Amino acid sequence: MSGNNMKDNQAKASRTSLSASLCSRSVLLVISSSPPRSLVGHLAAEMKKVVDFLRNKSAIKVRTGALGGKRVDYFKGRSAVKALRSPAYTKLSGVPPLSDDASAQALLHSLIPFTFFLRIQRGPSISSGVKAVQITPQQLFTPDEYYVWLVDPNPIRQLVLAVGMVAVVLAGVMFPLWPVKMRIGVWYLSIGVLGLIAAFFGLAIVRLILWLFTKVLLSPGIWLFPNLFADVGFVDSFIPLWAWDIAPPKKVRSSKKDKSIASDGKEKKSKKSKKDAGAPPEAVGEETGPKIVELEGSDEE
């Protein structure tokens, strides 16, 4: 019995050692088949340089869209291919070399898993120049499709703005700890700003009352500072002092059909003038068409 137990223990030990050796070999095989970390880091650095060039340094045409209620920038695939084939890209160092458009498309397709940009589908227009966009489930790169940027154009600017916002909040929280002179100065400054806002609203009310009186007594009415709410500069908002409430004349735009008819008429006139200039003097002004010729006969008595 003891001999059989010893044999069973030896068999189990041999099986355990065999499985351990197989596991170690498989681990070594997986480690040897995976790329080294230095190569992965080098590829990631190249991808970041390509994305930085496309986002900040290339002349790629960017459109504005709305994705999930947030404004985003998107571009067409053909513009990205042209940017990678431009001379500016060839001057960069540490980026993958490209020989033709197919290699540029392959490079852009390899960037999609990093989610620097994703393929989208455009929807209806929300406002002027802004369309609703939606990310498509199937992600691939083709020159005729549109892609939305998911990285900020200038991360340094975003970092500075975030730090500045935090600094402003901390300064406001620690206002009781400010020196007395600084607190008094901020109080006077806030009173001045509130006074300017009150003066602006007062001016808007006065000009409205003046327009109502002049609309009844002196039609069509007079506006005080007519450009006060116009999309102009600060100084131009107070020029002129007053003006009559007259709508500006509408611009009449001629249609393409009228332009084509006018151009056809000019061409016909020029052809006719050339034909008249090349004809002999007696032929100019000669009437065409059937003519009635009277034949003179002898009178019979």
Side-chain angles (χ1 to χ4, degrees), residues 29-167 231:
L29 181 61
V30 170
I31 293 173
S32 61
S33 61
S34 61
R37 294 183 179 179
S38 60
L39 180 59
V40 174
H42 179 68
L43 292 175
E46 287 184 349
M47 297 299 180
K48 288 182 180 179
K49 287 184 179 180
V50 173
V51 172
D52 181 65
F53 170 75
L54 291 174
R55 190 71 171 107
N56 301 320
K57 300 177 183 178
S58 65
I60 185 173
K61 184 179 180 181
V62 178
R63 299 173 174 88
T64 304
L67 178 63
K70 181 182 178 182
R71 291 207 172 193
V72 292
D73 297 334
Y74 67 95
F75 62 95
K76 197 169 185 178
R78 186 174 291 106
S79 301
V81 173
K82 289 181 179 179
L84 292 180
R85 298 287 294 152
S86 63
Y89 178 80
T90 57
K91 296 178 181 179
L92 297 176
S93 60
V95 293
L98 303 174
S99 58
D100 52 5
D101 292 348
S103 59
Q105 294 181 21
L107 176 60
L108 292 168
H109 182 74
S110 64
L111 291 174
I112 291 179
F114 295 93
T115 64
F116 294 116
F117 54 82
L118 292 176
R119 182 180 170 218
I120 58 171
Q121 184 178 4
R122 298 198 301 175
S125 297
I126 298 177
S127 60
S128 59
V130 179
K131 288 189 175 183
V133 298
Q134 186 178 2
I135 297 176
T136 58
Q138 186 179 6
Q139 291 296 323
L140 53 89
F141 185 85
T142 55
D144 296 331
E145 296 293 337
Y146 293 92
Y147 300 86
V148 62
W149 282 113
L150 299 180
V151 293
D152 295 328
N154 193 352
I156 297 176
R157 182 174 63 88
Q158 299 291 334
L159 180 60
V160 171
L161 290 176
V163 172
M165 186 178 298
V166 172
D231 189 11

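All figures in this text were calculated on a predicted structure; none of them were measured in a lab.
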Is the closest side-chain heavy-atom distance between R71 and V130 below 4.5 Å? yes
Tell me, please, whether Y146 has R63 positioned over its six-membered ring: NZ or CZ under 6.0 Å from the ring centre and within 45 degrees of its axis? no
Could you state the interatomic distance from NZ (K76) to CG (D144), rounded to the nearest 0.5 Å? 5.5 Å
Looking at side-chain heavy atoms only, is the closest gap between K82 and S58 below 4.5 Å? no
Any chance CD of Q121 has more than 12 other-residue heavy atoms, nucleotides or ligands included, within less than 6.0 Å? no
In Å, rounded to the nearest 0.5 Å, how long is the span from CG of D52 to CE of M47? 14.5 Å
Would you call D73-R55 a salt bridge at under 4.0 Å N-O? yes
Could you please spell out the steps behind the side chain to side chain contact (heavy atoms under 4.5 Å, CB included) verdict for T115 and V151? CA-CA 9 Å; T115 64; V151 293; over 6 Å; no
Taking all atoms of both residues into account, what is the closest heavy-atom pair of V50 and P96, and its distance? CG2-CD, 3.8 Å
Taking all atoms of both residues into account, what is the closest heavy-atom pair of F53 and A83, and its distance? CE2-O, 3.5 Å
Minimum heavy-atom separation for V148 to I120, with atom names? CG1-CG2, 3.4 Å
Could you give me the CA-CA distance, side-chain angles and deciding distance for Y147 and L118, then say whether side chain to side chain contact (heavy atoms under 4.5 Å, CB included) is met? CA-CA 5 Å; Y147 300 86; L118 292 176; 6.0 Å; no
Sidechain-backbone polar pair: S103 side chain, S99 backbone, donor-acceptor under 3.5 Å: yes
Would you mind reporting whether Q138 and R119 have side-chain heavy atoms less than 4.5 Å apart? yes
Closest non-hydrogen contact found for L98 with Y89 is CD1-CE2, 3.6 Å
Ring center gap for W149 and Y74 short of 6.0 angstrom: no
With a 4.5 Å limit on heavy-atom distance, are the side chains of L92 and K49 in contact? no
Minimum side-chain heavy-atom gap Q105-V81 below 4.5 Å: yes
At their closest point, which heavy atom of I112 faces which heavy atom of Q139, and how far apart are they? CG2-CB, 3.8 Å
To the nearest 0.5 Å, atom CG of L107 lies from atom CD of E46 at 9.0 Å
Least distance between heavy atoms, A80 atom then L108 atom: CB-CD1, 3.8 Å
For K131, does the NZ atom have more than 12 heavy-atom neighbours from other residues, nucleotides or ligands under 6.0 Å away? no
